[in-house]
Amino acid sequence: MKERQLNELSILHGAVENTNEAFITIDQDHKVIFFNRAAERIFGYSRGEVIGHDLDVILGPRCSENHRRAVSRYLETRNPRLIGHETDFVAFRKNGESFPASISFSVAAIDGKLFFTGILRDMTETRQLEERIQRSERLAALGQVVAEISHEIRNPLALIGGFSRQLARTAQDEKTRSKLDIITQEVGRLENLLGELRDLYAPMRLVIEKIDLNELLREISSLAHESCRKKGIRLSLDTEDGPVFVEGDRGRLKQALLNLVKNGMEAMKKGGTLLMRSRVSGDRAELAISDEGPGIPEGAKEKIFNPFFTTKKQGTGLGLSVTKRIIEDHPGYSFTLASQRGRGTTVRITMGISKREGES
C-alpha cells in the first residue's frame with residue numbers, strides 16, 4: 001500500500017512539474033512551499049529565490065495585500081469566495097514586465113494545517129490572439145465602408161482629373177494651365193490616398209510563396225538607387241552570402257520595403273547613409289532598414305502608427321500603418337521600430353526561414 005501511494009505521489013509530482021501552468025503552493029503563514037518549473041519560466045524566479053520565502057517575493061504590493069486579506073478571511077470564516085473560481089489579474093515577472101494572467105485556487109487540509117495552491121496561466125498569447133481577431137473584425141467592417149466610399153469618390157475624381165488634363169492641353173494662358181495642373185495633381189493625390197485607405201482597411205489576400213529575401217533586397221536597392229543618388233544619400237546593402245529563403249507575398253513585401261526606404265530617404269534632408277541589412281540566426285531571418293535622419297520626436301512615438309498621423313509637412317500619415325499591417329498579416333512575422341532623437345530610425349522585420357532549394 002505504501003509503495004502504491006509513493007508511485008501515485010511520484011506520478012502526480014511529475015505531472016504537476018511538467019504542466020504549462022504555474023503551480024504555487026503556500027502555507028497559511030503565506031510562505032511558499034512549492035514552485036514548479038512553469039512558475040520559474042513564467043515569473044523568471046528560480047525556486048531558491050521563492051521557496052521558503054513570503055509570497056510577497058513574486059506579488060506586487062496591491063496584489064499581495066489582497067491575497068493576504070483573502071487568506072485571512074478564509075481562515076476565519078472558511079467561506080471560499082475565490083476558491084474554485086478563475087480570476088483574471090495583472091502579474092509581474094522578475095524583470096518588472098507585467099503580463100495578463102488567469103488564476104484559480106484550491107485549498108487542502110493536512111494534519112490540521114491549511115495549504116493554498118494557485119494554478120496560474122500566462123494569458124499573453126491568448127490576449128494577443130483575441131486582439132488580432134477583434135482587429136480583423138474591425139478591419140473587415142471598416143474595409144466594407146471604405147470600399148463603398150472609395151467607389152463613390154473614384155468615379156467623379158476620374159472625371160475631374162480627365163477633364164482637367166483635357167482643358168490644360170487647350171488652355172491659352174499660363175495662369176489657367178497652372179491652375180488646371182494643380183487640380184490634376186490634387187486629384188492624383190486623392191486617388192493615392194484612396195489606394196492607401198484600401199490597403200489599410202480592406203481584407204488583405206496574401207499570395208504566399210517561397211522567395212529569396214536577399215534577392216528582394218537587391219531589387220529594392222536597384223529601384224531606390226537613382227533617387228538616393230539625386231538626394232545625396234548613400235544606399236548601402238549588407239546581406240549574407242547566398243540566398244535566404246522565406247515564405248511571403250512578394251508583391252506585398254516589396255510594397256512595404258519600398259515604403260520604408262522612401263520614409264528613410266524623406267527623413268534624411270541633409271543626406272547620409274540608408275542601410276538595408278539581412279541576417280540569419282537559427283531558424284529566423286532579420287531584415288533591418290536604418291536611416292541617419294533626425295529620429296522620431298518623443299511625443300510622436302506612440303502615435304506614429306496611427307492612421308493619418310504624420311510628422312511630415314506633406315504626407316497622408318498612412319504609409320507606416322499600411323506597412324505595419326502588411327508585415328503583421330504575414331504569419332510568423334514581427335515588426336519593430338526603434339528611433340533615437342538625432343541618431344535616426346531603424347525598422348526590424350523578423351520572419352521564419354524556409355528550407356533552401358534542394359533540402360527535403
Side-chain angles (χ1 to χ4, degrees), residues 5-134 281-282 284 301-302 332 334 336 338 350:
Q5 288 177 332
L6 288 173
N7 286 336
E8 288 176 349
L9 286 173
S10 179
I11 292 170
L12 178 61
H13 184 270
V16 172
E17 272 296 316
N18 293 293
T19 188
N20 289 324
E21 288 80 20
F23 275 68
I24 306 163
T25 300
I26 64 169
D27 61 20
Q28 58 193 46
D29 295 321
H30 228 243
K31 294 289 189 299
V32 180
I33 63 171
F34 184 75
F35 198 71
N36 73 342
R37 290 174 189 161
E40 289 184 300
R41 184 183 71 252
I42 291 172
F43 285 96
Y45 291 93
S46 68
R47 296 180 199 203
E49 294 176 285
V50 178
I51 291 179
H53 296 274
D54 195 285
L55 187 60
D56 288 358
V57 171
I58 62 170
L59 295 180
R62 182 177 178 183
C63 191
S64 175
E65 182 182 344
N66 291 339
H67 194 274
R68 282 182 179 279
R69 191 180 299 118
V71 170
S72 297
R73 183 171 57 243
Y74 181 81
L75 291 173
E76 292 173 6
T77 66
R78 294 300 194 267
N79 180 19
R81 291 190 186 178
L82 294 177
I83 293 170
H85 301 282
E86 196 164 323
T87 304
D88 291 335
F89 74 111
V90 176
F92 292 87
R93 307 190 205 278
K94 183 180 179 180
N95 62 8
E97 176 190 357
S98 65
F99 65 97
S102 176
I103 192 167
S104 59
F105 299 95
S106 66
V107 61
I110 302 173
D111 296 332
K113 294 182 180 180
L114 294 177
F115 298 88
F116 301 87
T117 297
I119 304 172
L120 178 142
R121 287 188 293 154
D122 184 342
M123 301 297 288
T124 302
E125 292 185 3
T126 302
R127 296 290 180 263
Q128 289 173 346
L129 179 59
E130 290 172 352
E131 288 174 5
R132 284 198 293 270
I133 292 172
Q134 290 172 0
S281 177
R284 303 286 292 173
K301 286 183 179 179
E302 293 182 359
S334 69
T336 59
T350 63

Asks: Just verifying a value: how many Å separate Asp27 CG and Phe116 CZ, rounded to the nearest 0.5 Å?
Replies: 9.5 Å

Asks: Could I get the full list of side chain to side chain contact (heavy atoms under 4.5 Å, CB included) partners for Thr124, not counting sequence neighbours?
Replies: Arg93, Phe99, Pro100, Asp122, Gln128

Asks: If you apply the rule side chain to side chain contact (heavy atoms under 4.5 Å, CB included), what do you find for Ile24 with Leu55, and how did you get there?
Replies: CA-CA 9 Å; Ile24 306 163; Leu55 187 60; 4.0 Å; yes

Asks: Which value, rounded to the nearest 0.5 Å, describes the distance between Ile119 atom CD1 and Thr25 atom OG1?
Replies: 8.5 Å

Asks: So which heavy atom on Asn20 is nearest to which on Ala38, and how close?
Replies: O-CB, 3.6 Å

Asks: Does the side chain of Leu120 reach to within under 4.5 Å of the side chain of Ile42, using non-hydrogen atoms?
Replies: yes

Asks: Give me the atom names and distance for the closest heavy-atom approach of Ile26 to His30.
Replies: CD1-CD2, 3.9 Å

Asks: Side chains of Val50 and Phe43, heavy atoms from C-beta outward: is any pair under 4.5 Å?
Replies: no

Asks: Ignoring hydrogens, what is the shortest heavy-atom contact between Ala101 and Ala91? Give both atom names and the distance.
Replies: CB-CB, 4.2 Å

Asks: Can you name the salt bridge (charged side-chain N to carboxylate O under 4.0 Å, His left out) partners of Arg127, sequence neighbours left out?
Replies: Asp88, Glu130

Asks: Sequence neighbours excluded, which residues qualify as side chain to side chain contact (heavy atoms under 4.5 Å, CB included) partners of Thr350?
Replies: Arg284, Glu286, Ser334

Asks: Going by heavy atoms in the side chains, are Glu17 and Asn36 under 4.5 Å from each other?
Replies: yes

Asks: Could I get the full list of side chain to side chain contact (heavy atoms under 4.5 Å, CB included) partners for Ser46, not counting sequence neighbours?
Replies: Glu40, Glu49

Asks: Spell out, as yes or no, whether a donor-acceptor pair under 3.5 Å connects the side chain of Gln28 to the backbone of Leu114.
Replies: yes

Asks: Please report the interatomic distance OH(Tyr45) to NZ(Lys94), rounded to the nearest 0.5 Å.
Replies: 7.0 Å

Asks: With rounding to the nearest 0.5 Å, note down the distance linking CZ in Arg121 to OG1 in Thr19.
Replies: 10.5 Å

Asks: Does some side-chain heavy atom of Thr117 sit less than 4.5 Å from a side-chain heavy atom of Phe34?
Replies: no

Asks: For a quick test of reading the model, state the closest non-hydrogen atom pair linking Phe23 to Ala39 and the distance between them.
Replies: O-CB, 4.3 Å

